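Structure first, commentary second.
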There are 2 protein chains.
Amino acid sequence: MITLTEENYIKAIYHLGKYGREMVNTNSIAEALDTKASSVTDMVKKLAEKEYLNYKKYQGVILTEKGKGIAVNIVRKHRLWEVFLVEKLNFTWDEVHEVAEHLEHIRSEKLINELDAFLEFPSYDPHGDPIPDKNGKFINIDKIALSHSEIGNVYTCVGVKDTSSHFLKYLDSNKIGLGTVIEVLHKEPFDNSVKIKFNTTEMVVSQNVAKNLFLKTV
Amino acid sequence: MITLTEENYIKAIYHLGKYGREMVNTNSIAEALDTKASSVTDMVKKLAEKEYLNYKKYQGVILTEKGKGIAVNIVRKHRLWEVFLVEKLNFTWDEVHEVAEHLEHIRSEKLINELDAFLEFPSYDPHGDPIPDKNGKFINIDKIALSHSEIGNVYTCVGVKDTSSHFLKYLDSNKIGLGTVIEVLHKEPFDNSVKIKFNTTEMVVSQNVAKNLFLKTV
DNA sequence: ACTAATTTTTAGATAAGTCTAAATTTACAT
DNA sequence: ATGTAAATTTAGACTTATCTAAAAATTAGT
């Protein structure tokens with residue numbers, strides 16, 4: 001049996017290692033989980049023992065296929081619950097993360113597959129992140145950050161990188177959401193800010209914002 | 001902060017003590033939670049310390065108002081989730097208990113109140129048990145067990161005492177459910193079995209069944 | 001290549017919740 | 001009233017996940 005703590009370690013390692021593709025070092029795991037490096041060392045030894053990951057002393061860890069399977073399933077549950085909270089229970093996109101952190105650990109195949117069906121098999125969560133299906137398959141669209149957009153092009157906003165409440169509320173207050181159509185007017189080399197236009201509004205956003213807003217070409 | 005384990009102890013004590021009205025002894029708690037009496041002693045000391053219950057050595061425990069509040073809130077969450085699972089996710093009434101045992105511990109005021117509204121403020125769960133509102137108030141109907149019914153009277157089935165999968169599946173297979181209208185034809189003094197009639201069907205049910213089926217007068 | 005700084009691991013300690021086995025208290029039968 | 005059975009508590013130990021402090025290994029700068 002896998003514990004809640006183990007699931008949280010696996011999830012963190014999955015995200016830190018670019019969806020289980022890269023090695024992850026001890027300190028970054030400690031930081032992500034707000035714990036100490038020594039605790040991480042203990043836990044990764046246990047997770048290696050259980051074959052959720054491969055661990056090389058002083059080198060870091062990388063998830064096994066088994067570990068990735070666990071991680072993808074948690075991501076699926078997290079994102080489906082987020083859709084449920086926003087679409088059925090009137091949560092805003094900046095409120096869902098915390099509750100979903102708990103709901104994602106409920107273990108019931110039937111629960112999650114029925115929830116998936118109830119929500120009509122959504123492919124993306126409220127932040128634009130893809131939701132794996134029951135076989136772990138993602139439908140990924142090509143998306144770029146606003147910071148990597150081209151001047152003069154028109155894009156649709158399809159996701160965010162930063163899902164913090166602060167950032168999402170900033171977007172809300174400026175009437176930017178998923179689906180918003182944005183034209184890139186100017187990029188300021190001095191501070192990497194970007195001037196954009198949407199719904200007749202023109203505004204300048206900082207580099208920080210530009211790096212955290214994902215677009216696809218229209 | 002209250003832990004998941006503490007919540008489970010409080011819930012068990014609430015049910016064992018007739019909704020927090022009676023003293024509960026150590027062994028019955030141990031049995032209910034599938035643990036040892038010595039573990040219970042340790043835990044009730046801690047719960048007494050935190051003022052969720054009053055504990056008298058060798059005498060047993062009884063919940064405080066604070067403890068009852070915790071218990072009622074867990075019951076509310078458990079039963080609302082059960083309604084959700086049956087009404088929205090195609091669970092049967094014998095499948096919901098296990099999953100609800102986990103969902104009941106998710107802590108979010110907004111989640112549970114929005115769920116309540118989404119389900120249109122149900123007053124009873126799929127087994128006929130009353131669901132407290134956000135202030136902890138129950139809407140309780142007078143109900144009697146089939147074993148205490150009167151011959152010749154007609155009743156509506158409004159609940160079950162035993163919520164085990166075995167019993168519920170037995171009722172399903174005999175087409176008895178909440179809302180079924182039942183006439184009591186005969187009570188056999190020898191073995192306390194009861195002969196009933198519903199939807200043109202006549203059948204004899206054992207004392208065990210009769211004690212676990214709740215009715216209200218039509 | 002060698003020292004210095006950083007990262008990681010080890011060792012030993014702590015807290016929560018549990019267990020077994022022994023001791024204590026209460027309840028009951030005669 | 002007294003001895004025995006049943007219930008309960010205490011004492012000491014174990015496990016999981018964590019921590020601090022010290023030791024060891026790796027990486028970087030010159």
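Here the structure is a predicted model, which is why all the values come from computation and not from measurement. Letters A, B, ... mirror the listed sequences (proteins, then strands); counts begin at 1.
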Apply side chain to side chain donor-acceptor pair (under 3.5 Å) to A:Glu22 and list each qualifying residue two or more places apart in sequence or on a separate chain.
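Partners of A:Glu22 by the side chain to side chain donor-acceptor pair (under 3.5 Å) criterion come out as none, since no residue qualifies.
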
| request: Only counting residues at least two apart or in another chain, list the ones meeting side chain to side chain donor-acceptor pair (under 3.5 Å) with B:Asn54. | output: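 Once residues adjacent in sequence are excluded, B:Asn54 has no partner under the side chain to side chain donor-acceptor pair (under 3.5 Å) criterion.
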
Please determine if a side-chain N or O atom of [X] lies less than 4.0 Å away from the OP1 or OP2 oxygen of [N].
X: B:Tyr58; N: C:dA23; value: no
X: B:Thr35; N: C:dC19; value: yes
X: A:Ser39; N: D:dC19; value: yes

Any residue meeting salt bridge (Lys or Arg N to Asp or Glu O under 4.0 Å) with [X], in chain and number order, not counting sequence neighbours:
X: A:Glu65; result: A:Lys68
X: A:Glu95; result: B:Lys110
X: B:Lys11; result: B:Glu101, B:Glu104
X: A:Lys169; result: A:Asp94

Review point. Mind checking whether B:Phe118 and A:Phe118 have parallel, tilted or perpendicular rings, split at 30° and 60°?
Key: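 B:Phe118 and A:Phe118: perpendicular rings.
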
To the nearest angstrom, how far is [X] atom [atom1] from [N] atom [atom2]?
X: B:Met43; N: C:dA15; atom1: CE; atom2: C1'; answer: 12 Å
X: B:Leu4; N: C:dA15; atom1: CG; atom2: P; answer: 22 Å
X: B:Lys45; N: C:dA16; atom1: NZ; atom2: P; answer: 15 Å
X: B:Asp42; N: C:dA15; atom1: CG; atom2: C1'; answer: 13 Å
X: A:Lys56; N: D:dT26; atom1: NZ; atom2: P; answer: 12 Å
X: A:Lys57; N: D:dA24; atom1: NZ; atom2: P; answer: 11 Å

* Applying side chain to side chain donor-acceptor pair (under 3.5 Å), which residue pairs with at least one partner in residues 115-142 of chain B are found, sequence neighbours left out? ->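 Every side chain to side chain donor-acceptor pair (under 3.5 Å) pair that includes a residue of residues 115-142 of chain B, provided the two are not neighbours, is B:Arg76-B:Asp116, B:Glu82-B:His127.
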
N/O to N/O distances under 3.5 Å, protein versus nucleotides 1-3 of chain D:
none

### Query
Nearest nucleotide by nearest heavy atom, which residue falls closer to the 5' end of DNA chain D, A:Lys36 or A:Gln59?
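Nearest-nucleotide comparison on DNA chain D picks A:Lys36.
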
**Item:** Neighbour count above 12 (heavy atom, 6.0 Å) for B:Asn208 CG
**Value:**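 Incorrect, the count does not exceed 12.
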
Just to be sure I understand the geometry, which residues of residues 5-28 of chain B put a non-hydrogen atom under 4.0 Å away from DNA chain C?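 Only B:Thr5, B:Tyr9 qualify.
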
